A.B. asks: 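Can you read through this structure? Questions will come right after.
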Amino acid sequence: MYALVDCNNFFVSCERTLDPKLENKPVVVLSNNDGCVISRSKEAKDLGIPMAAPAFKYKELFKKHDVQCFSAKFELYNFKSQRVIEISTAYVDQPDYEVYSIDELFLDLKSFKYINIYDYCITIKNEIYDQEKIPVSIGIAPTKTLCKVANRIVKQFPEQFEGVYILDTSEKIEKALKWLNIGDVWGIGRRLAVKMQDNGVFKAWDLLQKPEMWVRKIMGIHGVRMVNELKGIRQLEIDAPSPKKSIAVTRSFMEMLTKKEEVRERVETFGMYCSERLRKQNTCCKMVTVFVQTNRFRKDLPEYRKAMTQILPNPTNSSILIGRVVNELFEAIYKEGFHYKRAGVFVNDFVPEDQRQISLFEEDTQNQHLPVMKAMDAMNKKFGKDKVRLGSMSGENTFGRAKLSPEYEAFLKNNTLPEANFRFH
DNA sequence: TCTGGGGTCCTAGGACCC
DNA sequence: TCTGGGGTCCTAGGACCC
């Protein structure tokens, strides 16, 4: 059996660890620029605040019900996430887990043939709460997809299950799938949900009644795997962490930017962050993409969006070399006369730092840069983010964050903050 | 006025090879 | 008039996830 440990409304729960008075009150956490709702407490969900709701549209509701709003504090969430992972994984053999996202991890319970896994998971749940004050739900089932279903059941019926539910017998599975809406199946997004309903598939169970050819045609290979997983036939394994295949740094700006030099400074900074993250995993990239765009919601202003990619003659992770490319691409796509709202840099096509294929004809300076770069990284690690940086960076952010509470300042001071270390899907 | 950010995988079609 | 067959690799776009 697998178990899925999932933190309940994780970012809000983290806020509550700093301020216990937030317990039982409606609380939301907002994205950068305080733009969208990205985490909601149960009380906030009950008020009808949807996920990803633009904050400005709900101002009245927030005020009326005294909803507590917080800017995102990702240092805190990463820290708490690490703690939850450490506690959970101490209960299984070493490679038998997969960190799925910042607030979820799968455990492989294969080594526990003789103990009561339900009780065991109750213990895990309780220890996470006792030590970190983070409430979690645990769904146990033979496949990952069914773990997701079990987890949903736990959250839906809190008074019945005390945070843990096992979905094991075929009777329970059938009952669960006849209850579960098709759009709530892991892997069915908005588009597919509509397509399913058009074809008379409303519950997860209905999908199992469709012929495989139909599933293959509508959903591709994903669908076939999904059906098997729902039947209890394992298709998805617990995976060891793998290096990233692409890195992106993108931001919306608090205010629209109209000066070329301001936008340039931003994309150069994003390029630097990409380079730092490449060095952190000891890889070089062979491709760099830069994009800029105006505010897509402002129909009264002229719209412009453009991206451009360059393939590098020699793989690199030097901030200087990547910065140079970013600058060239920026020059090629930037157009005067627009109000820019968002920009970003992507890097991909990675090779390990020590396995670079060098072009015969292009000069390669990566190795001259590397010692300087590593020294820079070491100093920033010691003294703080962006303390040492390239001259092209202002070192300032253009996105807003509410004033930090004294509790949070104290938290930042007292903890060595871990690096984010998550796979995204 | 105000609308996030960072990932993965699959597929279809085109270019190219022998 | 007649115009093969099979394979790989790359890319863009679409779908999904948290």
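The shown structure was predicted, so the numbers you read here are calculated from the model rather than taken from an experiment. Below, read A as the first sequence line, B as the second, and so on, with proteins coming before strands; counting in each chain starts at 1.
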A.B. asks: Please confirm whether the ring centroid of F202(A) lies under 6.0 Å from the ring centroid of W179(A).
C.D. replies: no
A.B. asks: Could you give the CG-to-P distance, from L30(A) to dT3(B), as a whole number of Å?
C.D. replies: 12 Å
A.B. asks: Under the criterion salt bridge (Lys or Arg N to Asp or Glu O under 4.0 Å), I'd like the reasoning laid out for E15(A) against K80(A): C-alpha separation, chi angles, the key distance, then a yes or no.
C.D. replies: CA-CA 10 Å; E15(A) 295 294 337; K80(A) 282 294 191 181; over 6 Å; no
A.B. asks: Hey, can you pull the residues of residues 135-154 of chain A with a non-hydrogen atom under 4.0 angstrom from DNA chain B?
C.D. replies: none
A.B. asks: What nucleotide among dG7(B), dC2(B), dC18(C) has an atom nearest to a side-chain atom of E104(A)?
C.D. replies: dC18(C)
A.B. asks: Quick one: which residue pairs count as a salt bridge (charged side-chain N to carboxylate O under 4.0 Å, His left out) with a foot in residues 187-206 of chain A, not counting sequence neighbours?
C.D. replies: none
A.B. asks: Could you give the angle between the helix axes at the two ends of the helix from dG5(B)-dC18(C) to dC18(B)-dG5(C), with five pairs per end, rounded to 10 degrees?
C.D. replies: 10°
A.B. asks: I247(A) near the nucleic acid: base, sugar-phosphate alone, or nothing, with a heavy-atom cut-off under 4.0 Å?
C.D. replies: sugar-phosphate
A.B. asks: Tell me: CZ of R251(A) to P of dT3(B), nearest whole Å?
C.D. replies: 15 Å
A.B. asks: Which heavy atom of Q281(A) sits nearest to which heavy atom of K244(A), and what is that distance?
C.D. replies: OE1-N, 3.3 Å
A.B. asks: Within residues 49-56 of chain A, find the residues that approach DNA chain B with a heavy atom at under 4.0 Å, and present them sorted by residue number.
C.D. replies: P54(A), F56(A)
A.B. asks: Once salt bridge (charged side-chain N to carboxylate O under 4.0 Å, His left out) is applied, do any residues pair with K178(A), and if so which ones, sequence neighbours excluded?
C.D. replies: E174(A)
A.B. asks: Of all of residues 290-307 of chain A, which get a heavy atom below 4.0 angstrom from DNA chain B, listed by number?
C.D. replies: N295(A), F297(A), R298(A)
A.B. asks: So if I take every side-chain heavy atom of K57(A) and compare against dG5(B), dG7(B), dT3(B), which nucleotide ends up nearest?
C.D. replies: dT3(B)
A.B. asks: Taking only side-chain N and O atoms of T250(A), does any of them lie within less than 4.0 angstrom of OP1 or OP2 on dG6(B)?
C.D. replies: yes
A.B. asks: Using the ring of F350(A) (Phe, Tyr or Trp, six-membered ring only), decide whether K286(A) places NZ or CZ under 6.0 Å from its centre and within 45 degrees of its axis.
C.D. replies: no
A.B. asks: Taking the cut-offs as 6.0 angstrom to the six-membered ring centre and 45 degrees off its axis, would you call K341(A) and F297(A) a cation-pi pair?
C.D. replies: no
A.B. asks: After noting the C-alpha distance and the side-chain angles of E331(A) and R264(A), does the key distance pass the salt bridge (Lys or Arg N to Asp or Glu O under 4.0 Å) rule?
C.D. replies: CA-CA 9 Å; E331(A) 284 291 342; R264(A) 185 203 309 278; 2.9 Å; yes
A.B. asks: Can you find a side chain N or O atom of S31(A) that sits less than 4.0 Å from OP1 or OP2 on dT3(B)?
C.D. replies: no
A.B. asks: Counting just side-chain N and O atoms, does S252(A) come under 4.0 Å of either OP1 or OP2 of dG4(B)?
C.D. replies: yes
A.B. asks: Return the residues of residues 192-210 of chain A meeting this criterion: a heavy atom under 4.0 Å from some atom of DNA chain B. Order them by number, or give none.
C.D. replies: none
A.B. asks: Pair F74(A), Y77(A) - check ring-ring contact (aromatic ring centres under 6.0 Å, His included), show working.
C.D. replies: CA-CA 5 Å; F74(A) 286 104; Y77(A) 311 150; 5.6 Å; yes
A.B. asks: Write down the protein N/O and nucleotide N/O pairs, taken from nucleotides 10-15 of chain B, whose separation is under 3.5 Å; answer none if there are no such pairs.
C.D. replies:
residue: dC10(B); atom: OP1; partner: R225(A); partner atom: NH2; Å: 2.9
residue: dT11(B); atom: OP1; partner: R216(A); partner atom: NH1; Å: 3.4
residue: dT11(B); atom: OP1; partner: I221(A); partner atom: N; Å: 3.2

A.B. asks: Whole-Å distance between dT3(B) C1' and Y58(A) OH?
C.D. replies: 12 Å
A.B. asks: Find out whether the Lys NZ or Arg CZ of R342(A) is both under 6.0 angstrom from the six-membered ring centre of F291(A) and within 45° of the ring's axis.
C.D. replies: no
A.B. asks: Could you give the CG-to-P distance, from D103(A) to dG6(B), as a whole number of Å?
C.D. replies: 17 Å
A.B. asks: Under 3.5 Å, side-chain donor or acceptor atoms of residues 210-220 of chain A against the rest of the protein: list the pairs with distances, not counting sequence neighbours.
C.D. replies:
residue: K210(A); atom: NZ; partner: N199(A); partner atom: O; Å: 3.3

A.B. asks: Walk me through it: do Y91(A) and D96(A) pass the test side-chain hydrogen bond (donor to acceptor under 3.5 Å, both in side chains)?
C.D. replies: CA-CA 10 Å; Y91(A) 283 84; D96(A) 292 351; over 6 Å; no
A.B. asks: Within this structure, what is the CE-to-P distance between M256(A) and dT1(B), rounded to whole angstrom?
C.D. replies: 10 Å
A.B. asks: Check the distance between dC2(B)'s C1' and K59(A)'s NZ and give it to me in whole angstrom.
C.D. replies: 6 Å
A.B. asks: Over how many whole Å does the gap from I102(A) atom CD1 to dT8(B) atom P extend?
C.D. replies: 16 Å
A.B. asks: Separation of Y77(A) atom OH from dG6(B) atom P, in whole Å?
C.D. replies: 16 Å
A.B. asks: I need the full list of salt bridge (charged side-chain N to carboxylate O under 4.0 Å, His left out) pairs touching residues 298-313 of chain A, with sequence neighbours left out, sorted by first then second residue.
C.D. replies: R298(A)-D300(A), K299(A)-E303(A)
A.B. asks: Which residues pass the ring-ring contact (aromatic ring centres under 6.0 Å, His included) test with Y340(A), not counting sequence neighbours?
C.D. replies: Y334(A)
A.B. asks: Please name all residues satisfying ring-ring contact (aromatic ring centres under 6.0 Å, His included) with F161(A), sequence neighbours left out, ordered by chain then number.
C.D. replies: Y165(A)
A.B. asks: Can you tell which of R16(A), K125(A), R83(A) makes a salt bridge (charged side-chain N to carboxylate O under 4.0 Å, His left out) with E132(A)?
C.D. replies: R83(A)
